Structures are given as C-alpha cells and as structure tokens.
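Working notes, structure below.
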Amino acid sequence: MLSARRSTAVVALTYFVSTLLTFTTAALTPRSNSIVVREESAASAFVYGVDGGNITFAITAVKSNGDIWFHMAAPSKYSYIAFGTGKQMDGSTMWFGYASSDGKGATLSPRTSGDHVEPEYSSKIKCSLVTDGFENGVVNKTLLVNGHCTNFTAAQSGKNGDSKLNFDSTQQSFIFGLGPTSHTLHSNDLDAGIRRHTEYGTFQMDLTKATVHDGDGVTPPKGAAAWTNSNSGKAEDVTTGDMDYIIPVHAVAMCGAFVLLYPGGVLLLRVLEKVMWHAWMQGLATIIAILGVGLGIKLSLTYNHSKSFNAAHQLIGLVVVLACVVQFALGYLHHRAYKRTQRPTPLGRIHRFAGPVILLIGITNGFTGFNFSDNAKDNIWYGAVVAIVLVVTVGLLIWARIRNGRRAKKATSQEFGLPAYEGMRGEGGNDSGGYDASRYGSNVHLGTM
Ligand code: HEM
Ligand SMILES: *[C@@H]1O[C@H](CO)[C@@H](O)[C@H](O)[C@H]1NC(C)=O
Ligand SMILES: *[C@@H]1O[C@H](CO)[C@@H](O)[C@H](O)[C@H]1NC(C)=O
Ligand SMILES: *[C@@H]1O[C@H](CO)[C@@H](O)[C@H](O)[C@H]1NC(C)=O
C-alpha cells in the first residue's frame, strides 16, 4: 500500500519535472528552430513518380516573415534533386539537394540561374537544413532534405513575376530537375559542380493552402512521411533522357582530330606519300578542331568551374588549336616555296618539328579534359586508344623510313630516277605538286615524323 502510493508520487514528480523541462527547452530554443505545433499547420505537396521511386516537394510558407520550410526527397541514385521557383531556369531561385561528402548526409544549396547555364550558389538566400527531429541524408536509397529559408521572399532574385514566390497564388509555378545517374555527387560544398539534369519539368501549387500567418505556429513538412500529391497540379512539360550533348561532341571532335585525323594525315604523307591528301586531311582536322573549340567555349560559358577560362585544359587547348592553324599555314607556305625551288625551307623545318609536338600536347589535353569534367574513368579507354594509335603510327613511320632508305640506295646504285615518284615531280604531277623524295628524302629525313 505504502510503497504503491510512494511510487505514484514518484511518477507524478517525474512527470512534472519532465514537463517543466520540455517547456523550458522549447522556450530557450532559438526562434528559427522552434518547431512547436501551436495553431496552424498547412502544406502543399508535389509527388511525382520517376524511375526508381518518387520525387517529393512539400512546402509551408510563413506570411509574417517570408520564411519557407520545405521537404524534398528523391531516389538517391540521382546525383542531385532540385526544385525552383517559376516556370524556367532563368530568374529562378532553386534549392539543390545532394549527398554530403561521406555519401550519408545531405547538402542543401540555394542557387540562382541564368538561362540554361549551371545554377550558381547564392549566399544571399539564407537556407539551412532543419535538423532537430528531422532526418536528412540518404535513407533507404532516398535522399531526404528538410530546409528552412529565412526571409525568402525578400532574398529571391527573380526578374519576372512568375519566378518569385507569391504566397497568395493558387497557381504558383515551380520547376524540378534531377541530376544524371551516371554521375556521383557527394559534397559538402555549397557551390559543388552540377551536371545538366537528365529529367526536368514544371508543376503548379496552391500556395494559399500552404501558407500560415505566424512563424510561431508553423509545422514544417516532415520527412519520411509518405506524401501524396496535395494542393498541387500534375507534372507538366516533362523531359526525360536529357543530357548535355555538347560535352561528348566536344570530346569526340577534339580527340578525333588529334588522335585519329592528324596522325592519319601524317601517314598519308609519309607512308602513302600523297602531299595533297596530307594537306586536305590536316585541313579537315583543323576545321574540326576549330569547331570543337567553339563547342568548348560554349561549354566553358555554361559551367561555373570553366566560366573564367583559367583552367589548364582550356588555355592549353586554345594555344594548341591556334598552333594548328599556324601549322597549316606553314605547311602551305613551305609547299609553295618548295614547288618553286625544289629545296627544303626553314618554314618546312619548323612545320616538321612542331607537328609531332603539337599533336602530343593536343592528345594530352584530352586526358586533362576528362579530369576537368570529372570523368577521370574515361581516361582508361582513351588511354588505350591513344596507345594503339601511337604504336601503329610510329611503327608505320619506321617502316616507311626503312623503305625509303632502301629505295634511295637502289636509286644511287642504278643511277635512275625513282619510278614511284616520277609522276609526282614537276608541275603536272596529279596530286603532288612537287614532292621529290629523292631530294626531299635525303635532306629532310622522310622517316622522321
Ligand atoms: C586539344 C584541344 C582539346 C581537347 C583534346 C579537348 C578534349 C576534351 C575532353 C576529352 C573533355 C572531356 C569531355 C567528357 O567528359 O566527356 C573536355 C572537356 C571540356 N573542354 Fe576540352 N578539349 C580541348 C580544348 C578545349 C578548349 C580550347 C576549351 C575552351 C576554351 C575546352 C573546354 C572544355 C570544357 C569547359 C570541358 C568540360 C565540360 C564540363 O564542364 O564537364 N576544351 N575536353
Ligand atoms: C525501404 O523502402 C522499401 C521500398 O520502398 C520499403 O519496403 C521498406 O520498408 C523501407 N525500409 C525502411 C527502413 O524504411
Ligand atoms: C528581409 O530582407 C529585407 C531585404 O533584404 C529586409 O529589408 C528585411 O528587414 C528583412 N526582414 C526580416 C524579417 O528579416
Ligand atoms: C509514390 O507515391 C505514391 C502516392 O503519390 C505512392 O502510392 C507510392 O507508393 C509511392 N512510391 C514509392 C516508391 O514511395
């Protein structure tokens, strides 16, 4: 009896103390983090099925101070999930969520964007993860991000009305984008490099149903809960399988020019001994390289890490392609002089020396390119192709040199011209324009590339 009464007293006292503690802690917690359900609770949620699960965006807005609270989720196989205000990237204020550097937590990065360029982190938009009692990070193959942005309506930068959140709007537009699954993005950096989305679209939300009046009464939309579409329209203008085609086209054009076309042009000259074919081939390679650089410049302007044109890959690439143009001019000038004088020229010597140097630097710039675009794994097959091409090219050049040595010997011993070159000598030669190996070869070492 007695002991029972005592234990009741203990329970009552414990209850009293713990209640007191709860209220005191709540009162002491800074305002921005106090999540005390007192009066209002409202949220609009957008849920959309994508490959691998749902993407979710649930938002609660606070009229009195312009704060927003939101919950974002997406299958973690996507390198990032992003939601943004408005109908298009240009002028939108966006929230990017991606895994933290250990791959377990979450990073929330508020960004703004111009039209179809990589969005840039903006420190003016004050957003942070909501941590107390909320789960952020990769949970069960889903990336969960719970965010709180203070004074959001004042900080957002939208130029046109649509890209600013209007809490009174029943049809507020939003955009979403999912990062490519082919890339991994684990970073704590708020300005981590982002690849172009593979899937994107727009949707509308009734924000009036998501707005509360007073910041004290807000119930932030919580994670893990199974959200369903509410106060929100369907996804529209959805594009899947999107990618930045300019990246691979740039890579194929540049690597193709330096690894296949230019070396091929060298072989046309040294092995097949077709001067004009050599000229056409190197001209074609140079045009492709110039077009490829055009794409490189376009790419540079698209991504934040390349905007300032100060990466080795960009600078070396520009110099190399400029050198290719000069090299073409040298080849042409040399050839013209040679046709007149039938003598080697200083320009020809520079051309012959610079050629392999430029090619090797250009080929090397492919490796730095893959590193620059965070694609180091592609260096493996690229390295294999480069190795094969080098072995084959050098092998054929050595073979051609030996062949020419033999021919020259035969020619001197027989005191004959070289039948194989006869037709190429002089003005009328079909595609040659005066490539006289008996002279040229002895002076210029045909076999040396
Ligand atoms: C010899 C010249 C060049 C070669 C061989 C070359 C090759 C490459 C390669 C292989 C890549 C990787 C693409 C991928 O990940 O699939 C790349 C990326 C890139 N290149 Fe070049 N490139 C050259 C010149 C240039 C120049 C002159 C510029 C600009 C001025 C440039 C700008 C870029 C940019 C910005 C990227 C990275 C794209 C990203 O952000 O992911 N490249 N390049
Ligand atoms: C993880 O997700 C699967 C499928 O979506 C679900 O069946 C399972 O209950 C989840 N596990 C946890 C711990 O949430
Ligand atoms: C919100 O930001 C604007 C301008 O940035 C400022 O004038 C205003 O005082 C801020 N309001 C609050 C509640 O912090
Ligand atoms: C996606 O959301 C719908 C409801 O909107 C739900 O029925 C479905 O189970 C969700 N799928 C997953 C994988 O969570």
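All values reported here derive from a predicted model rather than from experimental measurement. Order of appearance sets the numbers: ligands from 1, and atoms from 1 within every ligand.
- Among all non-hydrogen protein atoms, the one lying nearest atom 5 (O) of ligand 3 is Ala154 CB, 4.2 Å.
- Atom 15 (O) of ligand 1 has Ser373 OG, 2.4 Å as its closest protein atom, hydrogens excluded (heavy atom only).
- Between Arg111 and Asp191, none of the side-chain N atoms (NZ, or NE/NH1/NH2) sits under 4.0 Å from a carboxylate O, so this pair counts as no salt bridge.
- Of all atoms in ligand 1, listed by their number and element, those nearer than 4.0 Å to a heavy atom of His305 are 39 (C), 40 (O).
- In this structure, atom 35 (C) of ligand 1 lies nearest to the protein heavy atom Ser300 OG, 3.5 Å.
- The closest donor-acceptor contact from the side chain of Ser79 to the backbone of Pro180 lies under 3.5 Å.
- Near Ser306, meaning under 4.0 Å from any of its heavy atoms, are these atoms of ligand 1: 35 (C).
- When only interatomic distances are considered, the shortest N/O to N/O separation between Asn54 and ligand 4 falls below 3.5 Å.
- The atom of His313 that is an N, O or S and sits closest to atom 21 (Fe) of ligand 1 is NE2.
- Within the 6.0 Å centre-distance limit, the rings of Phe372 and His305 are counted as a close aromatic pair.
- Side-chain atoms of Gln314 come within 3.5 Å of backbone N or O of Ala311 as a donor-acceptor pair.
- In this structure, Tyr382 falls outside the shell of residues with a heavy atom less than 4.0 angstrom from ligand 1.
- Contact analysis puts Cys255 in contact with ligand 1, with a non-hydrogen atom separation below 4.0 angstrom.
- For atom 2 (C) of ligand 1, the closest non-hydrogen atom on the protein side is Met254 CE, 3.3 Å.
- In the candidate list Arg196, Arg195, His250, His250 is nearest to atom 17 (C) of ligand 1, counting heavy atoms.
- Regarding atom 36 (C) of ligand 1, its nearest protein heavy-atom neighbour is Phe372 CD2, 3.8 Å.
- Ring centroids of Tyr80 and Phe96 are separated by less than 6.0 Å, placing the two rings close together.
- Residue contacts with ligand 1 for Phe258 involve side-chain atoms from C-beta outward but no N, CA, C or O (heavy atoms, distance under 4.0 Å).
- For a threshold of 3.5 Å applied to N or O pairs, the pair formed by Asn65 and ligand 3 contains no separation below that value.
- Counting the atoms of ligand 4 from 1 in the order shown, those under 4.0 Å from a heavy atom of Val47 are 2 (O), 5 (O).
- Taking every heavy atom of Gly317 and a limit of under 4.0 angstrom, the matching atoms of ligand 1 come to 2 (C), 24 (C), 27 (C).
- Listed by atom number, the atoms of ligand 1 under 4.0 Å from Asn375 heavy atoms are 14 (C), 15 (O), 16 (O).
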